[in-house]
Amino acid sequence: MAAEATKQAILEAALALLMSKGGAALTMRGVAEAAGISLGNLQYHFATREILVFALLTRFLEQQEQALRHKSVAKTGVLQKDIKALLLLALSDPDKTSGTSLFVEIWALARQNQDISESVDAFYWRLAAFYRQTLSDIAVPSCPAARIDRAVFTLLPLIEGYCVTAAALQTPSEQIADTWASAIAWILSES
């Protein structure tokens, strides 16, 4: 197996282990066993657990950002309707469950590792920039930047919280998007 293919197979095994058993089970021995390789071979590709987790995080964030680049909302001129369309894009990701589970585990690991924490923070700033630009495109041209920022910094925690609680609450994305679109439209249009 070529080096890059081996790395990808290791990352897939690590991801499966993380998803099925959580962050505590993500040991180097556990990953090596799950990947069907020796511990030495694993350490050749990823010297430490932190490097392995960082590679998982990097791959996950790159996939998320790639997906964002392909999302767009056709502006209808009806603010609340356009915001709802944006929210439905965010809330109806078919890979939301596994992505959320992975991100929760990585978020927990980030509290223990500065490099991972900085990568997660940088991802949130890029995500905020995406929503800032998208909301700017949707809002009326005279909407002040401060309102756009307030909408973004309201929206991001809502989306993150929903992703974590969606399975338990079982509230349809359509209903959540309606409610949030109303609130975000109010923030953007308040006088």
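Sequential numbering from 1 along the given sequence is applied to the chain's residues.
Side-chain atoms of S182 do not come within 3.5 Å of backbone N or O of D178 as any donor-acceptor pair. The backbone N or O of A2 lies less than 3.5 Å from a partner atom in the side chain of T6, making a donor-acceptor pair.
Taking both residues in full, the closest heavy atoms of A181 and Q80 are given as CB-O, 3.6 Å, listed atom of the first, atom of the second, then distance. Between H45 and A3, the shortest heavy-atom contact is CE1-O, 3.9 Å. Closest approach of L42 to A32, counting heavy atoms only: CD2-N, 3.7 Å. Here the closest non-hydrogen pair linking R59 and L15 is NH2-CD2, 3.8 Å. Nearest approach of L11 to L56, heavy atoms of both residues: O-CD2, 3.6 Å. In plain terms, the two heavy atoms of I187 and A151 that are nearest each other are CG2-N, 3.8 Å.
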- Task: Could you please spell out the steps behind the side-chain contact (heavy atoms from CB on, under 4.5 Å) verdict for I159 and Y131?
- Result: CA-CA 11 Å; I159 292 171; Y131 282 112; 3.7 Å; yes
- Message: Determine whether D82 and D137 satisfy the following criterion, side-chain contact (heavy atoms from CB on, under 4.5 Å), listing intermediate values before the conclusion.
- Response: CA-CA 10 Å; D82 293 346; D137 293 344; over 6 Å; no
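The shortest side-chain heavy-atom distance between R49 and T27 does not fall under the 4.5 Å cut-off. Side-chain atoms of C143 and V140, non-hydrogen and from C-beta on, do get closer than 4.5 Å to each other. Taking 4.5 Å as the limit, some side-chain heavy atom of L135 sits within range of a side-chain heavy atom of L86.
To the nearest 0.5 angstrom, I10 atom CD1 is 6.0 Å from N41 atom CG. Here the straight-line distance linking atom CG of L26 with atom CG of L17 works out to 5.5 Å at 0.5 Å rounding. Remark: T154 OG1 to R147 CZ distance equals 13.0 Å, nearest 0.5 Å. Put simply, CD on E33 and CG on L39 are 11.0 Å apart, with the number rounded to the nearest 0.5 Å. Here the CG atom belonging to L87 is positioned 7.0 Å from the CD1 atom belonging to I184, to the nearest 0.5 angstrom. One finds the CD1 atom of I138 at 8.5 Å from the NZ atom of K75 (value rounded to the nearest 0.5 Å).
Cluster membership check: V78 does not share its hydrophobic cluster with I83, using side-chain heavy-atom separations under 4.5 Å among Ile, Leu, Val, Met, Phe, Trp and Tyr. Under a hydrophobic-cluster definition in which Ile, Leu, Val, Met, Phe, Trp and Tyr are linked whenever side-chain heavy atoms come within less than 4.5 Å, directly or via other members, Y162 and F153 are assigned to the same cluster. Follow the hydrophobic side-chain contacts under 4.5 Å out from W125 and you reach I116 in the same cluster. Each of F46 and Y44 belongs to its own hydrophobic cluster when Ile, Leu, Val, Met, Phe, Trp and Tyr are linked at side-chain heavy-atom distances under 4.5 angstrom.
For the residue pair E118 / Q114, a side-chain donor-acceptor distance below 3.5 Å is found, with atom types taken as modelled.
The neighbour count for E50 CD, taken as heavy atoms of other residues, nucleotides or ligands under 6.0 Å away, is above 12. For NZ of K81, the number of neighbouring non-hydrogen atoms (other residues, nucleotides, ligands) closer than 6.0 Å is 12 at most.
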